[in-house]
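Notes to accompany the following structure.
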Amino acid sequence: MSVHGEYSRALESLIACVRALDLPGRESRLERLANARVERHPDLSTAARNSLEALRDLSEIETASPRIEEASTHLQSHCRMILGIAE
């Protein structure tokens with residue numbers, strides 16, 4: 001699968017996890033994540049930067065959800081790779 005495809009799959013997985021939980025401000029967080037979709041940006045790097053911003057926002061709330069933590073970590077790894085950010 002392409003980098004675009006893997007990034008999109010990781011993002012959609014996190015969106016599904018957030019959608020399934022009753023979180024404070026869930027709709028605004030879902031909108032921020034949706035705005036990180038590849039098709040909403042001129043390039044993958046811009047989408048990845050928007051994902052990292054949405055992930056920072058999401059990390060500010062306590063979810064107690066291992067699924068969200070795992071999906072967030074997975075997406076963050078893709079974003080860091082796309083942007084060339086060392087771990």
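Note that these values count all heavy atoms, side chains included, but never hydrogens, waters or copies made by symmetry.
Within 6.0 Å of CD in Glu53 there are more than 12 heavy atoms belonging to other residues, nucleotides or ligands. When the shell of 6.0 Å around CZ of Arg49 is examined, it contains more than 12 heavy atoms from other residues, nucleotides or ligands.
Summarising the geometry, atom CG belonging to Leu58 is positioned 6.5 Å from atom CZ belonging to Arg29; distances are rounded to the nearest 0.5 Å. Rounding to the nearest 0.5 Å gives a distance of 4.5 Å between CG of Leu52 and SG of Cys79. How far CD of Glu69 is from SG of Cys17: 11.5 Å, rounded to the nearest 0.5 Å. Rounding to the nearest 0.5 angstrom, the gap separating the OG atom in Ser28 from the CG atom in Asp57 is 6.5 Å. Interatomic distance, Glu6 CD to Ser2 OG, rounded to the nearest 0.5 Å: 7.5 Å.
Residues Met81 and Val3 are in side-chain contact: their nearest non-hydrogen atoms beyond the backbone lie under 4.5 Å apart. Residues Leu30 and Glu27 have side chains in contact (heavy-atom distance under 4.5 Å, counting atoms from C-beta outward).
In terms of heavy-atom proximity, Ser45 sits nearest to Leu83 at O-CD2, 3.6 Å. Residues Ala48 and Ile82 come closest through the heavy atom pair CB-CG2, 4.0 Å. Minimum interatomic distance between Leu33 and Leu14 (heavy atoms only, all atoms of both residues): CD2-CD2, 3.8 Å. When all heavy atoms of Ala47 and Ala36 are compared, the closest pair comes out as CB-O, 3.4 Å.
At distances below 3.5 Å, at least one donor-acceptor pair connects side-chain atoms of Ser77 with backbone N or O atoms of Thr73. A donor-acceptor contact shorter than 3.5 Å links the side chain of Arg26 to the backbone of Arg19. Counting only distance, with no hydrogens or angles, the side chain of Thr46 and the backbone of Pro42 share no donor-acceptor pair below 3.5 Å.
Among pairs with a residue in residues 33-42, those fulfilling salt bridge (Lys or Arg N to Asp or Glu O under 4.0 Å) read Glu12-Arg37, Glu31-Arg40, at least two apart in sequence or across chains. Screening residues 27-74 for ring-ring contact (aromatic ring centres under 6.0 Å, His included) gives His74-His78 as the qualifying pairs, with residues at least two apart or on separate chains.
A side-chain donor-acceptor contact under 3.5 Å links Tyr7 and Ser51.
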Begin with the C-alpha distance, continue with both residues' side-chain angles, and end with the deciding distance and a verdict on side chain to side chain contact (heavy atoms under 4.5 Å, CB included) for Val38 and Leu11. CA-CA 10 Å; Val38 173; Leu11 177 60; over 6 Å; no

